[in-house]
Amino acid sequence: MPTTEALTGGFSDAPVQAARAFRAALEVMARPGHIAPVTGAQAPGLSGAASVLLLTLCDRETPLHLAQGSDSAALRDWVAFHLGAPLVPAEEAMFALGSWAALAPLERFRIGTAEYPDRAVTLIVEMDRLAPDGARLTGPGIATEARLSLPETAAFQRNNALFPLGWDAFFTCGDDIAALPRSTKVEAA
Amino acid sequence: MTDAAYNFAYLDEQTKRMIRRAILKGLAVPGYQVPFASREMPMPYGWGTGGVQVTAACLTPDDVLKVIDQGADDTTNAVSIRRFFERTGGVAVTTRTEEASVIQTRHRIPETPLTEGQILVYQVPIPEPLRFLEPRETETRKMHALEEYGLMHVKLYEDIAHNGAISTAYAYPVKVEGRYVMDPSPIPKFDNPRLESAAIQLFGAGREQRIYALPPHTKVVSLDFEDHPFDPSKADHDCDLCGSGSSYLDEVIMDDEGGRMFVCSDTDYCATRRARGFRGALSSEEDAA
Ligand SMILES: [Zn+2]
């Protein structure tokens, strides 16, 4: 039997909360470097923001990888109850969640195919800090330049060089989300 | 009030998640057509079921929605889509471009420049810009994968050879960020320069089950040649109602004697200008009525 913790922490009004959360996800993916708040969910051991993203984007149709450190029995129960997403190894994941260090090596993840570049993983990266400073971002969604406190720059540069293939990343910290699609050019601060 | 018989914005949550995931991948790979499992909507194909599904996946109860058809807010199609979302999403609606947070459109980009925070959703009949060259989906997908756009250029150049200019007036193909060739939907090529926008632009094709996207400020270049640069071709006329010399005009037949007038296709833009006191060559009779 799942614990009580697994049964709580979901949306209380899913259609409206998911709609608001998706709008934030849409805004940050469309504007790399932009940071937006999301609320309404709490999964065991995760930030509120990561919990909200999981509830908004994942379900039975989205194989999910939980990286070391985020993976726990309590979280597995929560995922089973709220999302029904199959838990899979990194190589098969449509979504992957964990700290930056735990998600490495990133070469394991799906980057899409030449004909279907959309068949690539979306990373949800739990961060200790998320702020509009640090690495310089340019590309689609950015008028001139943006800044974001990325965990590093080299991996994002390698990923961008694969465009139109590559993975896309959400960053979560507390109630905040930001994103970096594969299309963004990243330079060290 | 939302009609309780419907899910919020009509679609069930699982369908919205599927569409939302496709939209996010579309934003990550600008101009690439993401397949999605289009759902039956309570309106016929050709009424913008792709756009309606994208709008449904994006709307929140805080939105102010504008729907235009060929630039007009008051056509049957625009009115019925607007009512649909009032009923199923409980959203506020407007005809004013600058008041809208989400705008669903068929065949036009509003004249009023869009701003950060706005979303423009296009209804797309045929998402594949290479379809007229190659009917097979497997082949066009390969052509996009290999950036094999030579045939497209040959076709456009043949047009110049035969007509002295590229004759394509609508759905004029563009290249996105130097990578994907994209169909901007049947907007007049006059609107093409506005595809570079501060707004998020999302394209939904229902029958063909494709979603694609342009993040704000994405580079969008209309295909052309050095010796034949792209020409958005503005009609050599001002609006007869509001006097605008920069808007896209519709030609309207006024009477059986062949009397004609040119009016802004963007009805909100034209009405707003007239409300501010701008007048066109034929506006005195109109306004006196
Ligand atoms: Zn006018």
Self-check item: Region of B:Leu24 that comes under 4.5 Å of a non-hydrogen atom in chain A
Solution: both
Quiz item: Would you call B:Lys16 and A:Asp59 a salt bridge, taking side-chain N to carboxylate O under 4.0 Å as the test?
Solution: no
Quiz item: So which of A:Ala30, A:Pro181, A:Cys58, A:Pro32 has the biggest tally of heavy-atom pairs under 4.5 Å with chain B?
Solution: A:Ala30
Quiz item: Between B:Lys25 (side chain) and A:Pro117 (backbone), is there a donor-acceptor pair under 3.5 Å?
Solution: no
Quiz prompt | Exercise: identify the closest heavy-atom pair between A:Tyr116 and B:Tyr32 | solution = CA-OH, 3.3 Å
Quiz item: Using non-hydrogen atoms only, which part of B:Ala22 is less than 4.5 Å away from chain A: side chain, backbone, both, or neither?
Solution: neither
Quiz item: If you count heavy-atom pairs under 4.5 Å between each of A:Ala120, A:Gly112, A:Gly139 and chain B, which one has the most?
Solution: A:Ala120
Quiz item: Is any residue of residues 95-119 of chain B within less than 4.5 Å of chain A by heavy atoms, and which ones?
Solution: B:Ser101, B:Val102, B:Glu116, B:Gly117, B:Ile119
Quiz item: Quick one: what part of A:Phe170 sits under 4.5 Å from any heavy atom of chain B, side chain, backbone, both or neither?
Solution: side chain
Quiz item: Once you round to the nearest 0.5 Å, how far does OG1 of B:Thr140 lie from CD of A:Glu115?
Solution: 9.5 Å
Quiz item: Non-hydrogen atoms of chain B under 4.5 Å away: do they reach the side chain of A:Thr122, the backbone, both or neither?
Solution: both
Exercise. Name the region of B:Ala198, side chain, backbone, both or neither, that has any atom closer than 4.5 Å to a heavy atom of chain A.
Key: backbone
Quiz item: Taking side chain as C-beta onward, heavy atoms only, is B:Glu13 less than 4.5 Å from A:Pro15?
Solution: yes
Quiz prompt | Most contacts with chain B, counted as non-hydrogen pairs under 4.5 angstrom, among A:Ser183, A:Ala143, A:Ala179 | solution = A:Ala143
Quiz prompt | Heavy-atom check, side chain of A:Phe95 versus side chain of B:Arg21, under 4.5 Å | solution = yes
Practice problem: Return yes when atom CD1 of B:Ile126 has more than 12 non-hydrogen atoms of other residues, nucleotides or ligands closer than 6.0 Å, and no otherwise. | Solution: no
Quiz prompt | Exceeds 12 heavy-atom contacts within 6.0 angstrom, atom CG of B:Asp62 | solution = yes
Exercise. May I ask you to list the residues in residues 19-29 of chain A that approach chain B closer than 4.5 angstrom, counting heavy atoms only, ordered by number?
Key: A:Ala19, A:Arg20, A:Phe22, A:Arg23, A:Ala25, A:Leu26, A:Glu27, A:Met29
Exercise. Rounded to the nearest 0.5 Å, what's the gap from CG on A:Leu57 to CZ on B:Arg20? Could you check?
Key: 8.5 Å
Quiz item: Under a 4.5 Å cut-off applied to non-hydrogen side-chain atoms, are A:Glu61 and B:Gln14 in contact?
Solution: yes
Quiz item: Taking atom CZ of A:Arg31 and atom NE2 of B:His217, what is their separation to the nearest 0.5 Å?
Solution: 6.0 Å
Quiz item: Are side-chain heavy atoms of A:Pro164 and B:Tyr180 found at a separation under 4.5 Å?
Solution: yes
Quiz item: For atom CZ of B:Arg83, is the number of surrounding heavy atoms from other residues, nucleotides or ligands below 6.0 Å larger than 12?
Solution: no
Quiz prompt | chain B contact via A:Ile142 - which portion, at a heavy-atom distance below 4.5 Å | solution = backbone
Quiz item: If you tally heavy-atom pairs under 4.5 Å against chain A, which of B:Val34, B:Val176, B:Ile200, B:Asp12 wins?
Solution: B:Ile200
